[in-house]
Amino acid sequence: MGDEPFLLVGSDEQSKVYDTLASAFANDPVERWLYPDLAEYHKHFPDFLAAFGGRAFQTETVWRLGDFAAVALWLPPGYRS
C-alpha cells in the first residue's frame, strides 16, 4: 500500500469528489443504463451523486486518498436529514 494519507474534504471541493466518482463509475452497467449517452452521464451523474451522498459534506464525513485518487462519502449512524 502507498503512503498517501486519507484527508477530510471540505464542501469547497465537492466537484472534485463528484468528478472522481463519475470517473470510477463511467463504465458501470447500471449507471450507463440510467445514462446511456456519455455526455448526458457526465452532465447529470454528479447531481445524482449529490442527491444521495451530498449531505456527507454537512456532517464532515467526506474523505479522499491523496490527490483524489479515491473518495468516500459517509453518513454517520442514525443520521437523518
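What you see is a predicted model, and the numbers here were worked out from it, not measured in a lab.
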- [ ] Please report the shortest heavy-atom distance between Glu4 and Asp67, naming the atom on each side.
- [x]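 Between these two residues, the closest heavy atoms are OE1-N, 3.7 Å.
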
Atom [atom1] of [X] and atom [atom2] of [Y]: how far apart are they, to the nearest 0.5 Å?
{"X": "Tyr18", "Y": "Leu49", "atom1": "OH", "atom2": "CG", "value": "7.0 Å"}
{"X": "Leu75", "Y": "Leu73", "atom1": "CG", "atom2": "CG", "value": "8.0 Å"}
{"X": "His44", "Y": "Tyr35", "atom1": "NE2", "atom2": "OH", "value": "7.5 Å"}
{"X": "Leu8", "Y": "Glu13", "atom1": "CG", "atom2": "CD", "value": "9.5 Å"}

Task: Residues Trp63, Leu7; criterion side-chain contact (heavy atoms from CB on, under 4.5 Å); working and verdict - done: CA-CA 5 Å; Trp63 298 89; Leu7 302 168; 5.5 Å; no

TODO: Would you check if the side chain of Arg55 reaches a backbone N or O of Phe57 as a donor-acceptor pair within less than 3.5 Å?
DONE: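 Here the side-chain-to-backbone pair does not exist.
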
TODO: Determine yes or no for a side-chain-to-main-chain donor-acceptor pair under 3.5 angstrom, with Ser23 supplying the side chain and Asp19 the backbone.
DONE: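 No, Ser23 side chain to Asp19 backbone: no donor-acceptor pair under 3.5 Å.
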
Open item on the list: Check the orientation of Phe52 and Phe48. Use parallel for under 30°, tilted for 30 to 60°, and perpendicular for over 60°.
Closed with: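 Phe52 and Phe48: tilted rings.
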
TODO: On the 0 to 90° scale, with breaks at 30° and 60°, tag the Phe45-Phe25 ring pair as parallel, tilted or perpendicular.
DONE: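 Rings of Phe45 and Phe25: tilted, 30 to 60°.
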
- [ ] Assess whether atom CD of Glu40 is packed by more than 12 heavy atoms of other residues, nucleotides or ligands within 6.0 Å.
- [x]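 Enclosed: over 12 neighbouring heavy atoms sit under 6.0 Å from CD of Glu40.
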
Open item on the list: Can you tell me if Asp37 has over 12 outside heavy atoms packed within less than 6.0 Å of its CG?
Closed with: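 Yes, CG of Asp37 has more than 12 neighbouring heavy atoms, counting only those of other groups under 6.0 Å.
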
Task: Ring-face cation contact, Tyr41 with Arg32, 6.0 Å cut, 45° max - done: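 Positive - Arg32 is close enough to the ring of Tyr41 and near enough to its axis.
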
Task: Side-chain heavy atoms of Val71 within contact of Leu21, under 4.5 Å - done: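 Contact flag for Val71/Leu21 side chains = yes.
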
- [ ] Let me see the working for Trp74 and Val62 under side-chain contact (heavy atoms from CB on, under 4.5 Å), right down to the final yes or no.
- [x] CA-CA 6 Å; Trp74 297 92; Val62 180; over 6 Å; no

- [ ] Could you walk me through whether Thr59 and Tyr79 pass the side-chain contact (heavy atoms from CB on, under 4.5 Å) test, one step at a time?
- [x] CA-CA 9 Å; Thr59 59; Tyr79 175 78; 3.4 Å; yes

